[in-house]
Amino acid sequence: MTEILRLRNLHKSFGPLEVLKGIDLAVAQGEVIVLIGASGSGKSTLLRCINFMEIPTSGRVFLHGTPVGRQTSSGVSYVERELTQIRARIGMVFQHFNLFPHMTALQNVMEGPRTVLKCSPDECRNRADNQLRKVGLEWKADAYPSQLSGGQQQRVAIARALAMEPEIMLFDEVTSALDPELVGEVLITMKELADEGMTMLIVTHELGFAYSVADRVLFLADGNVLEQGSPPEVLTYPKEEATKNFLRGHSSFRLPEPQLD
Amino acid sequence: MGYQFDFSAVIGNWKLLLIGLQNSIILGATCLVLGLSLGLIVGGMRYMRAPIVNWPATAFVEVFRNTPVLVQIMWFFFAFPIISPVEINAFTAASLGLTLNTAAFSAEIFRAGIRSVEKGQWEAGKAIGMTYIQQLRRIVLPQAIRRMLPAFMNRAVELMKMTSLASVIAYGELMHKAKQISTLEFNPIEMYTVVALIFFALIFPLALFVQRFELKLKDSG
């Protein structure tokens, strides 16, 4: 396995509040990792430290074995220019989509290649067309975000991230803000991406999705990785009491298998 | 009421009034351009957290928003020259007063406009690898300026009205010319009525346009 990302003893504090308390994680090329845990356990912060939306308080991030930032006597120092380049290589999708409302779907997807990668107009157009087709929304290319459903907006947001041809994709609770009937289309898009071999780190409360898509599930509690393993290991046969409690809360009420023929 | 209206003196002095109107517009346009530019800078300073930039900008905004423009203009004409090494004529003094006043108000418009754009917009730009400047230029400002436009247009309307204050320091704008004419011709009723009408004809279409524009913005969300 080729290692694409490694986190070493990553800490993050907001003022006096320590949110991440020393995370170690190695991610293989093409691996799909799902992060679960109660709110406040540090899942989103962990994701946001990987592409430096938040600067870790201490610890190191390695991309393809190369450390980000420079070690100095007083800790790791980061140059904004390097972080900008790292962010361009790592895609991120947000809970609230955050599409640019003054641009059409197509312009949203073209924006990264155009402004950040300085691609030619043809190349930008090509990439955007391809990615919109991939998420099944080429027919909505000229629609503005306000004219799209939540699920469609989120798929455009995925296309926008993919147009940068990222090495890793980060998904931060991307279905949490969606009406239940729109969740499926977004999860299917993500599943297809996983099947194509994209390296993905996903924060989600959709445990069924986690079970069927993840190569590895991490359970975070109180800023630490408390338990990790294959989906059955963590989701079906959890060892830690905290994991069991979390899963109990999530499966108090369940449908028997609906007959949908 | 046996007053006989007589507009002949007004019409006979049309050239003088035209020069006055021209000067009014020159003063208004100069102060609008300078005021908005300075306002952008001051607004940016107000947006930053570092006290060394924030405090002077805040002090500037508060002083110029909370003192009458008439006082500012008089101060720049009568008081400032005493402590200033450079000559200050009526146009400069009026421009200083009106520009700084416009800058103070538009700084707040800029600041509020940029603040009104959700944090997620900055983040989305950042996440695809944009620099701070790119986020501002491509994502935040286009959205913010749309929301700021009605407020700026209102500023322009206010500014155009305030140019008449420059008459107190004898700058030759419309109001000052009118005062001269009416003193010579003893026709204050006709003269000031016409001045009011000229201002109305100049400003009303602008105000109407602002209202239309605000409605259109509201419709398009």
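Note: hydrogens, waters and symmetry copies are ignored here, and every other heavy atom, side chains too, is used. So that the names make sense, note that chain A is the first sequence line, chain B the second, and so on, each numbered from 1.
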Do B:Lys161 and B:Glu158 meet the salt-bridge criterion of a basic N to acidic O distance under 4.0 Å?
yes
Without swapping roles, check the side chain of B:Gln72 against the backbone of B:Leu98 for a donor-acceptor pair under 3.5 Å.
no
If you count heavy-atom pairs under 4.5 Å with chain A, which of B:Arg137, B:Glu123, B:Gln134 comes out on top?
B:Glu123
Take atom CZ of B:Phe209 as the centre, draw a 6.0 Å sphere, and report whether it contains more than 12 heavy atoms from other residues, nucleotides or ligands.
no
Heavy-atom cut-off 4.5 Å, strictly under: side chain, backbone, both or neither for A:Leu99 against chain B?
backbone
B:Arg111 to B:Tyr47 six-membered ring, cation-pi geometry met (6.0 Å, 45°)
no
Between chain B and each of A:Arg89, A:Met92, A:Glu111, A:Met164, count heavy-atom pairs under 4.5 Å; write down the option with the most.
A:Glu111
Taking every heavy-atom pair that is under 4.5 Å apart, which of A:Arg114, A:Arg81, A:Arg160 has the most such pairs with chain B?
A:Arg114
Please classify the contact between A:Phe94 and chain B as side chain, backbone, both or neither, with a heavy-atom cut-off of under 4.5 Å.
side chain
Counting only non-hydrogen atoms closer than 4.5 Å, does A:Leu83 touch chain B with its backbone (N, CA, C, O), its side chain (CB onward), both, or neither?
neither
Cation-pi check, A:Arg155 to A:Phe97: give yes when NZ or CZ is under 6.0 Å from the six-membered ring centre and within 45° of the ring axis, no otherwise.
no
